[in-house]
Amino acid sequence: MSEREQLREMFIQEAHEHIQHLNEYLLKLEEEPENREYLDALFRSAHTLKGMAATMEYDQIRELCKAIEDIFDRLRKGEEKLSPEMASALFKCFDILQEMVDDENKRIDLDAYLKLLSNPSEAYEAGGADSSSQLSTKTPTIRVKMEDLDTLVNLVGELMIAKMRLDQTITGRASDESRQVLMSLGRLISDIQYHTMRLRLVPVEQIFNRFPRMVRDLARSLGKEVRLEMEGLDIELDRTVLDAITDPLLHILRNAVDHGIESPEERRRAGKPSTGTIKLVATRVGDRVAIMVEDDGKGIDLEKIRARAIERGIVSRAEAEAMSEEDLIELLGTPGLSTSENVTDVSGRGVGLDVVRRQVESVGGQLKIETKKGQGTRMTITIPLSLAIIGGLVVNVGEERYILPLSSITTTVQVDSREIKMIHGKPVITLRDQVVPVISVADILGMSNGRNVIMNADGGEKYTVVVIDKGGKPYGLIVDSFDRKQEIVIKHLDGLSMSSSAFSNATILPDGRVALILDPTLLIDMHS
Amino acid sequence: MANSVKVLVVDDAAFMRTVLKQILISNGFSQVYEAKDGAEAVEQYKKVKPDIVTMDIVMPGMDGIQATKAILQIDPRARIVMVTSVEQKHVVEEAIQLGAKGYVVKPFDASTVVEALNKVLKSS
């Protein structure tokens, strides 16, 4: 790397930090416009960035920073007051700064931005409210190619499989000593596995950081007052998982601002503070992470959903009338059901809740929706920490062995055929007072030699049922038997044409055989 | 070219410290020390006893002016060169009145920095 390239690397990294600072402190400043500490921090970041840009001979960045610095200086001296328009103009400038930092050849219409800063109210209106271009955030770290990490994870996976095979080969014939060596080897491998997984973990902060801006801009364009409170920013997730839930989270947040939080007048009429609050909280629950988005808005009008579902022919009137609140919430995930009264550009931009649910489930996660009319909505995404190695249950169906991810399994039960009842022509069992639909895996996969549900009122037939959770509802999967829980190293099935779409991936079992990993969600969707 | 002059570079931006350090090292100043704010500058000054200091002005916590004051109180003969941007002329004047020995304006090139430093080193 040449000296200049090295400097540019440093410049980019530090410039990113300053732009991040600018965004953060301006958000804070909007809450407390007189706060001297925030003003000083903003001034310093603009000033430092300007100096750095001058040294790199990035004239446009330098000039824009100079104008920004001047504004903060005037605010600091009390010569000017921060208007919402000015804040918006500044945010726009931060965004373009970011782009210029990332691409040193980028040239902008500098005058337009300078004009925007000197007269934000006019320019803002003229420019429209679309300042939602997202900020990419980077924290100072060393960069490693994802590819290299993936290779490492794969190798560790191979290592684990080799170890399991070794275990199996020498079982019963090993001396005490070799067994001990094998045990310590096993521990070492788990350590390596753990640390390799850790390498891929990044704090949720990396994607959460852009949300305050998004929420702010959106709220402003809709004429709403919204405060976003974030917690658990240091909770870590696998990079791939985090990427996979970014879009669903964005959508949920947009929904919360657009459909959840009411207009200030409406809120006042309802006896609520005019500013709505959205809480975004990440917590670690065992080997999973829960991300909750909670708003204190008007909640989802379930009666409207009931009416809409009938209107759209999704369910019959009789069916709809028999539906409980939970059933109605479940309906939210159905394609083609939008409950917003007037279609705003916000809802048009995104995907429906059904897509959100599917995206979350595609990475082994679950989406739970709770809502109280007039009080707000809470959506919780629960996802596995990592996707590369999961806990799995080996189940036997016919001649085949499949893996079911432990994360989706609630329990396993043995039922007698007497206990299987038919409701609406579908087999169900009762489990702790809950009606659980049961499905034969062999049946869905079109296997003739597997276990099918046979109604037998006399009883005597035993079924092994693995109860899984799909979107908060239990389903029972009938299998022939199951072996044991074990660590499963996921092998992606890219490019493999699958006869069935119920498999997301595969793994290699200790005996060297390949086993497909069943995606319970897809399996149930195939069935219904 | 190699000399034994100890230089303390004070700047809150790691990038600026690196730029200055590279300039200094490639011009024979082999002993370069760094501080990232005023407080650290004072600490380092006591510890390293540098022959000359380059001082950024806008820094969090203790800024360059306060640090200049503090260092001159410890050592009235301290050689401090302010590193500044154009529009801070009045601040530089204040620093010179306090006892700073010179200044360099950002953006600077290698020769400006080296000349300014050498001038201050020679004159006192």
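Chain letters run A, B, ... following the sequence lines, proteins first and then strands; every chain starts at 1.
- Ion pairing between a basic and an acidic side chain is recognised when a charged N comes within 4.0 Å of a carboxylate O; A:Lys77 and A:Asp73 show such pairing.
- The choice from B:Asp11, B:Val58, B:Thr18 that makes the most heavy-atom pairs within less than 4.5 Å of chain A is B:Val58.
- The part of A:Glu69 that comes within reach of chain B is its side chain, from C-beta onward, which places non-hydrogen atoms under 4.5 angstrom from that chain.
- With a 4.5 Å cut-off on non-hydrogen atoms, A:Thr48 touches chain B through its side chain but not through its backbone.
- Most heavy-atom pairs under 4.5 Å with chain B: of the set A:Arg62, A:Met10, A:Met52, this distinction falls to A:Met52.
- Using a 4.0 Å cut-off between charged side-chain N and carboxylate O, B:Arg17 and B:Asp56 make no salt bridge.
- Salt bridge annotation for A:Glu104-A:Arg4: present, with a cationic side-chain nitrogen under 4.0 angstrom from a carboxylate oxygen.
- Between the side chains of A:Asp243 and A:Thr246, no donor-acceptor pair is found at a separation under 3.5 Å.
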